[in-house]
K.L.:
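Next up is a structure, given as structure tokens.
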Amino acid sequence: MHPQRKKRLHLILFLVLAVASAVGLAMYSLSQNINLFQTPTQIANGEVPPGRTIRAGGLVVEGSVERDQQGLGVTFRVTDGQSEVPVFYDGILPDLFREGQGIVALGEVNTEGLFVASEVLAKHDENYMPPEVQAALEQAHQDGKAQMEAAAKEASY
Amino acid sequence: MLNTAMLHLPEIGQFALILAFIMAVLQVIIPLFGVNRGQLWLMGYARPLAVGQALFLVISLVLLATSFVMDDFSVAYVAANSNSLLPTPYKISAVWGAHEGSLLLWVTMLGLWGVAVALLSRSLPLDMVARVLSIMGMVSVGFILFTLETSNPFARILPSPPQDGADLNPLLQDFGLIVHPPTLYMGYVGLSVAFAFALAALMSGRLDAAWARWSRPWTTAAWIFLTVGIALGSWWAYYELGWGGWWFWDPVENASLMPWLVATALLHSLAVTEKRGLFKSWTVLLAIFAFSLSLLGTFLVRSGVLTSVHAFASDPERGVFILALLGICVGGSLLLYALKAPTVASVGRYDVVSRETALLVNNLLLVVMALAVLTGTLYPLVYDFMGLGKLSVGAAWFNTMFVPLTVALALLMGVGAMTRWKSDRVSRLGGQLWIAGVLAIVFAIVVALLLSEAVNGSVVLGLGISFWLIFATCADVWKKSRGRLGKIPSLGVSYLGMVIAHVGVAVTIIGVTMVSNYSIDKSVRMVPGQVETLGDYQFEFTEAGTIDGPNYTSQATRFNLYKEGKNIEVLTAEKRRYHARGSVMTEAAIDVTLFRDVYISMGEALEGDAWGMRLQVKPYMRWVWLGAIFMSLGGFMAVLDKRYRRRQKKEKLA
């Protein structure tokens, strides 16, 4: 082979190898680091394995916020209108955290079904509804309707 | 009171925008027709049309700002983003506080870049000027049409305008937001010049060293604005979002980082094209991608497809329009590329060990970084679009991708700057650089040991590559100046610019390493009189009270900060409630030195006098942005290089 071509071939092989390993690393790492959004219903039904980092969200249930006497720990429940999930967070809540407001939290479900949040997000707009929460509410609403219809059908038989 | 509705200022503004649109259309057609027919007098229209277009755009922008300053709430955009109580500087910056005004600013800046090209291109052949300005005109046409059709900032609410405005989003009532968007837009839009130069060169078939030389200062100028804009954005997020993060891998941040990475690659690729006449088609492709990514950024931010703190606007009509613009721009330029690039031959050889190879690998690394950011940013959108569910890509992923690539890049930068064009020897480079390598490793380990008892691997790595980069760069300066300090200024302003920019990268890496590994924080419940210790510092919560601002009232807490028993600073953190929207903003109290930031932010009021407080000590925080200042300073020096002007003068004489 022409020495110039040989050099070029080496370079190309090196580049292909580099790119392939970069892509492989990226895809493997991506599969480890995506945080799926789970609705309160999915969590309440035990569809989420404990210890896996997920995003969860819903409306903060009115009257459910309880603070620890010591420290900054706070417990509250989030709902999608169908199921409620208890959430624990130790830290400073965002400015717009309020009962009845939609929030999204990052964290994991423990073995007792408590969602332990490492981060709570509430957007800087009074009327803003996180799209995930919006979708979860609609999903729960539709599920509820479908169940009612099924029950009504059964009753009519 | 002045009746501004009678003055018709917004209507005149809109009319000016329409005139600018007509000018832009003419700027596309006449010069290009002239090029096609070889008519110099038609090509000559490019410059005056570019100036005229910019003039009308500036009139339009100034009139919108006037409507803000005069509190004309009959203008829907003013009513939605201003308030009579808003301080005047914020009334002006509110012009770009939301979608419509941002776009007007975007197109105005495009117009101003056009004027800059028109005025500073005396040495360019007229047909190139005509092509470049015609292509910039095409971008203008698309975006002015977009503004007029979907996002008219001058629309009125008549006949019954509101008494007062809804106020500017409190997050944006801040110095950082006066300067961050215009700077970033200057960078985004500035890449259109590099893009226009690349397409003009493709069209004419004159992809040569002269083209690269014309293109370089423009690309560097845009890159400087991008660098400063991104740093300002990071700084703003750090102090304004109230929890001390300085980079979130938020899609909007990613949208600015991607064009920056590709523009950085483009800068280096242009160097090869200018000096050696190689990588021509690759350079053109990078110029196309850099500008396409800034359009993609505009699409991501402005179409509302994202869920992020920045996405204030959402309207599908706009999204589809920008997507169409993006499609035309990318599709059209790639089509032209496909037709013309095969005729471009790069002649010249280089060895595996040569500066060409070093810059090629640099380009690959930067492009892979940009691709990684692109993947992480678009993955959730694609996943959602395919109906698979909602997910987010965590910051951990971006960090995993960026750390090894940055390490490789920094290692290469140390060698690359010293490597000779065409061909070099590993033994020669080794002879020059082994001392720098040994010193870097020793220093990194010693410093890491001084910082903590347990050696932290990532600190050694981060400091090691930074020291390597600094020492290797110094070794190169030492070698080139033959060890005489007095000779350093004669090495050339653009070489010294590179040195400073590369040291800037090292400074940023040191900052990132230190702040990521040694930041400490705690969230505590505090009552007045209580003292908390964090690291070397004592925080004494002295009092809580209220402060009345012009358009807000804040609950404030005051702290005495002690180090080794000495009171070094009194800090006031605030939680502001803005009257117009009733929204609450945390204003962190930050004590800054070159080597650490102390950051106090207020959480919630608990029962009694107690407050939830977050206390943080962040070592070397300023270095992250200081590095960016170095990089832009380096870029500025490179633009100043007389070489660009001197050679152009010679060509003029010839």
Side-chain angles (χ1 to χ4, degrees), chain A residues 4 7-8 10-11 14-15 18-19 21-23 25-39 42 53-55 57 65 67-74 89-98 104 106 119 121 123-136 139, chain B residues 169-171 241-243 306-309 311-312 314 349-352 357 360-361 364-365 368 371-372 375-376 379-380 383-384 388-401 404-405 408 522-525 575-577 581-586 601-604 606-607 612-614:
Chain A
Q4 188 70 27
K7 252 180 208 166
R8 206 160 276 174
H10 281 300
L11 190 68
F14 167 75
L15 291 181
V19 169
S21 53
V23 170
L25 181 76
M27 292 331 276
Y28 171 74
S29 167
L30 192 59
S31 67
Q32 302 293 306
N33 276 296
I34 51 173
N35 306 315
L36 278 169
F37 181 84
Q38 307 283 1
T39 66
Q42 283 170 311
T53 303
I54 56 161
R55 275 150 59 93
V65 180
R67 292 177 198 282
D68 289 2
Q69 286 310 302
Q70 306 291 316
L72 293 174
V74 58
Y89 177 63
D90 188 7
I92 304 236
L93 289 166
D95 292 333
L96 286 177
F97 181 88
R98 218 151 290 154
V104 173
L106 187 72
E119 205 179 303
L121 313 166
K123 298 287 173 164
H124 282 271
D125 182 338
E126 308 289 293
N127 306 316
Y128 179 80
M129 179 68 78
E132 294 97 328
V133 174
Q134 186 70 45
Q139 183 64 40
Chain B
N169 186 326
L171 263 178
L241 297 185
W243 53 280
L306 298 171
T307 54
S308 90
V309 287
F312 302 117
S314 69
R349 286 182 180 171
Y350 55 95
D351 285 350
V352 174
T357 312
L360 181 66
V361 179
L364 274 173
L365 288 169
V368 169
L371 279 176
T375 313
Y379 193 70
Y383 200 80
D384 189 19
L388 296 170
K390 303 260 182 198
L391 58 77
S392 71
V393 176
W397 184 74
F398 289 101
N399 294 339
T400 325
M401 292 307 299
L405 290 167
K522 73 176 174 188
S523 301
V524 281
R525 159 190 298 248
K575 221 172 166 66
R576 293 181 179 167
R577 171 172 287 276
R581 295 190 180 194
S583 46
V584 179
M585 279 291 314
T586 305
S601 49
M602 292 168 71
E604 309 133 87
L606 306 171
E607 75 293 336
M613 300 294 311
R614 186 145 192 253

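Below, chains carry the letters A, B, ... as their sequence lines are ordered, and counting in each starts from 1. Every value quoted in this text rests on a predicted model; they were computed, and no experiment measured them. Just so you know, these numbers use all the heavy atoms, side chains as well, and skip hydrogens, waters and symmetry mates.
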K.L.:
What residue, out of Leu72(A), Leu93(A), Ile54(A), Leu106(A), has the most heavy-atom pairs lying under 4.5 Å from chain B?
P.N.:
Leu72(A)
K.L.:
What part of Val393(B) lies closer than 4.5 angstrom to a heavy atom of chain A: side chain, backbone, both or neither?
P.N.:
both
K.L.:
Between Ile34(A) and Tyr379(B), is any pair of side-chain heavy atoms under 4.5 Å apart?
P.N.:
yes
K.L.:
Most heavy-atom pairs under 4.5 angstrom with chain B, which of Thr53(A), Leu11(A), Leu15(A), Leu36(A)?
P.N.:
Leu36(A)
K.L.:
What closest approach, in Å, do Gly91(A) and Glu604(B) show between heavy atoms, and which atom pair accounts for it?
P.N.:
O-OE2, 4.5 Å
K.L.:
Can you tell which part of Leu405(B) gets under 4.5 Å to a heavy atom of chain A, answering side chain, backbone, both or neither?
P.N.:
neither
K.L.:
Which atoms of Phe398(B) are under 4.5 Å from chain A, going by heavy atoms: the side chain, the backbone, both sets, or neither?
P.N.:
neither
K.L.:
Under 4.5 Å from any heavy atom of chain A, what part of Lys522(B) do you find: side chain, backbone, both or neither?
P.N.:
neither
K.L.:
Is it the backbone or the side chain of Ala396(B) that comes under 4.5 Å from a heavy atom of chain A, or both, or neither?
P.N.:
both
K.L.:
Only pairs of heavy atoms separated by less than 4.5 Å count here; which of Gly603(B), Ser392(B), Pro170(B) has the most with chain A?
P.N.:
Ser392(B)
K.L.:
Examine whether an atom of Leu371(B) lies under 4.5 Å from a heavy atom of chain A, and if so say whether it belongs to the side chain, the backbone or both; otherwise answer neither.
P.N.:
neither
K.L.:
Considering all heavy atoms of both residues, which atom of Ser523(B) and which atom of Ile92(A) are nearest to each other, and what is their separation?
P.N.:
OG-CG1, 4.0 Å
K.L.:
Please report the C-alpha distance between His10(A) and Val352(B) in whole Å, then the side-chain angles of each, then the deciding distance to 0.1 Å, and finally whether the side chain to side chain contact (heavy atoms under 4.5 Å, CB included) criterion is met.
P.N.:
CA-CA 9 Å; His10(A) 281 300; Val352(B) 174; over 6 Å; no
